[in-house]
Protein chains: 2
Amino acid sequence: MRRERATIHDIAKKLNITASTVSRALKNHPRISEETKKAVLKVAEKLNYQPNHIAAALRNGKSKIIGIIVPTADRSFFSSVVRGIEEIANTAQYNVMICQSYDNYEKEVATVEALLNARVDGIIASYAKGTEDFEHFLKVKNKGIPLIMFDRSNEELEVSSVIIDDYQGAYNAVKHLINQGCKRIAHFTGIKKISIYRERFRGYREALQDHGIAYDESLVVGSNLQLDDGRESMIKLLSLPERPDAVFSASDYGAMGAMQVLKERNIRIPQDIALVGFGNEPFTWFSEPQLTTIDQRSKQMGNATAEIFLEQIGAGNKTFVPKKTVLKPELIIRKSSQRK
Amino acid sequence: MRRERATIHDIAKKLNITASTVSRALKNHPRISEETKKAVLKVAEKLNYQPNHIAAALRNGKSKIIGIIVPTADRSFFSSVVRGIEEIANTAQYNVMICQSYDNYEKEVATVEALLNARVDGIIASYAKGTEDFEHFLKVKNKGIPLIMFDRSNEELEVSSVIIDDYQGAYNAVKHLINQGCKRIAHFTGIKKISIYRERFRGYREALQDHGIAYDESLVVGSNLQLDDGRESMIKLLSLPERPDAVFSASDYGAMGAMQVLKERNIRIPQDIALVGFGNEPFTWFSEPQLTTIDQRSKQMGNATAEIFLEQIGAGNKTFVPKKTVLKPELIIRKSSQRK
DNA sequence: TTATAATATGCAATCGATTGCGCATAAAAT
DNA sequence: ATTTTATGCGCAATCGATTGCATATTATAA
């Protein structure tokens, strides 16, 4: 059953013409007669010809593949971004190659290398938590290969990036809590090193300030923002002389941890303590009460990065100036914060 | 900054040897002297040489890429399988190319075509819900390209597949409920056309039978198994003259819907009605009470498919007989079903 | 009718790495 | 000292598609 694959040479032979002509005919070159084109198409069909992308890639130096590097593919946010990228990329005949860094610097460096060797036409990445040195990404850029960062980016890299307005998201969340009548609003924050957490914190602070609420350092708890961290942070807050009446967590996981503790202690949500998370993870839908959160526009983020890639490829990479796209996050108000 | 990429010819020139020697030196060919090898390595380093996989792929007819087709990349189960595949594939220097069928037959056919053109060395797929004709997959197989199906497979295709033992999973779940003292166990089932739902149903029935509980048709409700379906099904069950004392849902989403309804009506879980889902979706961790469910071994499933691929590639595709791997699902007992 | 342009196709090199075959030179065996 | 064997490397073709530069033929213009 295993037929050899037909090449343009096979088609050429059948028609007593050369491969050049076949190649041009298939690409609808204007200097090839309609007759020949039709004949070529017909034979191609009959031989079940399928173009060899690899040969074309070698010749043109273009693989039509976009490399994607994500910390992990099995987190809702990232897989959703990937989907967004693929949607756009496919329309322009690009395929995507996905690699995971597992949030590990060494693996990330190796991955970049692998993608470069695979001669991808561009790389879209969100860097690993442990990454502090960006040499490997600079290398990509300096080779003239379009590089676009999303979610997590780095200014000094000077490449295009797509992020959400973390500041705005946080600001809106806190403003919403204030509107609900909350006065002592606590905040779960993450590693200071990562800009998204700094931004969320800034949004939190400024929202308070703009509404005449004094900033109280004891209400801010830093951690890794996982479920258990959320539990611990909540317990810590509950032991304060004066309890908070709301918690804005920089991650949904942290908020869920807090929710568990509150429920265990029969503290009512949102009446006693209102809760807002960040990320719009699928499980926020299923919690009881449903968690108010901030949507990160993951699919749009994917779409946007892919579009920038296409632009940059189109611009021939000469005149293209890196641009930073900032998506507006969406506050999704659910029961955990709705007092009215 | 944009340096031209060094090739083996550049290295050869520097050392006054030929590209053949360089190629062999880099691959540690025994007929090349240690001296030469060292020198080549040194120059390669200096020139920042990076092998061009595309050229190699063209020459060997091997791209070192595995194509993956999933209905959608942003569902926990599939992204987790992908992660599992990548883990193994990477250790053998393979990269993966991910495509989504969006559960649409036409897109799936096009995707298979695209992967074939990209000359992937193998395809790992879970077919779209709408797919009933398997010609496109047969084409892959007939071209001698390893094809491995996971989760959803089709017997007549006669290719290797990795699935979980849905029957066993369901059986264990129901047995567990019986052990907890449940006597009227209801079941949410899905589309009959899909074998996994038939199998789960079979497990349900046989577990009942083996434990001397009569099968009661009125306790089985069919639907799409989404959240809302679960709600409706639960409401329907509650209107029965005699209520069930447990529900085994063939999907976690369905179980969550049921849970919502029960909580709204102040029916205690698990004391009044125990609940078990299927799939171990992340949100089952966060529900209140946490949902007992069945883990589908997604990562292991990915690992297994990748391993079969490697075997098949290794076997040169001659002597290889397709094999079916059935993974044992794991019952994860949580609060929603624990009465004792 | 001859020069010029337009049309249709062929030639041959190229993209980089790989590999079978062959040819030296050196080392070992007879 | 001669024959074998081993060692180290080069030659040239190959993988399939692409493309700049001819070339041949036909159509149009002068």
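Lettering of chains follows the sequences in order, A, B, ..., and the numbering in each one begins at 1. The structure presented is a predicted model; accordingly, all values stated were derived computationally and were not measured.
- Picking from dG16(C), dC11(D), dT9(C) the nucleotide with the shortest atom distance to the side chain of Ile32(A) gives dT9(C).
- Summarising the geometry, the separation between NZ on Lys37(B) and P on dT7(D) is reported as 12 Å, rounded to the nearest angstrom.
- Computed from coordinates, the Arg5(B) CZ to dG16(C) P distance equals 9 Å when rounded to whole Å.
- Taking the side chain of Ser23(A) as heavy atoms from C-beta on, and the options dT19(D), dC11(D), dT18(C), the nearest nucleotide is dT19(D).
- Nucleic acid contact class of Ile17(B) (heavy atoms, under 4.0 Å, all strands): sugar-phosphate only.
- At a cut-off of 3.5 angstrom, the base of dG20(D) holds at least one donor-acceptor pair with the side chain of Arg24(A).
- Using modelled atom types, one side-chain atom of Asp10(A) and one backbone atom of Thr7(A) make a donor-acceptor pair closer than 3.5 Å.
- Residue Asn16(A) is classed as a sugar-phosphate contact, given heavy-atom separations below 4.0 Å to backbone atoms only.
- Of the listed nucleotides (dT19(C), dC15(C), dG16(C)), dT19(C) has the atom at the smallest distance from the side chain of Ser20(B).
- Ring pair Phe77(A)/Phe150(A) is tilted by interplanar angle, where 30° to 60° counts as tilted.
- Straight-line distance from the CG atom of Leu15(B) to the C1' atom of dC9(D): 13 Å, rounded to whole Å.
- Distance Leu58(A) CG to dT14(D) C1': 12 Å, rounded to the nearest Å.
- As judged by a 4.0 angstrom heavy-atom cut-off over every strand, Thr7(B) is placed among residues touching the sugar-phosphate backbone only.
- Considering only side-chain atoms of Ser33(B), the nucleotide from dG16(C), dG10(C), dC9(D) that sits closest is dC9(D).
- Smallest separation of non-hydrogen atoms from Arg152(B) and Pro71(B): NH1-CG, 3.7 Å.
- Look at Glu86(B) and Arg83(B) and you find no salt bridge, because none of the NZ, NE, NH1 or NH2 atoms lies under 4.0 Å from a carboxylate O.
- Here the side chain of Thr18(B) is nearest to one of dG10(D), dT9(C), dA17(C), namely dG10(D).
- One atom, CZ of Arg59(A), and another, P of dA13(C), lie 13 Å apart when rounded to the nearest Å.
- For the residue pair Arg24(A) and Ile32(A), the shortest heavy atom distance occurs at CB-CG1, 3.6 Å.
- For His29(A) and dG20(D), the NE2 to C1' distance is 10 Å, given to the nearest whole Å.
- Heavy-atom distances to DNA chain D give each of Arg119(B) and Val22(B) a nearest nucleotide, and the one nearer the 5′ end belongs to Val22(B).
- Contact annotation: Lys27(B) reaches the phosphate of dT19(C) (side-chain N/O to OP1 or OP2, under 4.0 Å).
- Spacing between atom NZ of Lys62(A) and atom P of dT14(C) amounts to 20 Å, rounded to whole angstrom units.
- Residue Arg31(A) is the one, among Arg31(A) and Ala19(A), whose nearest nucleotide of DNA chain C lies closer to the 5' end (criterion: closest heavy atom).
- If you measure from atom CG of Asp121(A) to atom P of dC15(C), you get 18 Å, rounded to the nearest angstrom.
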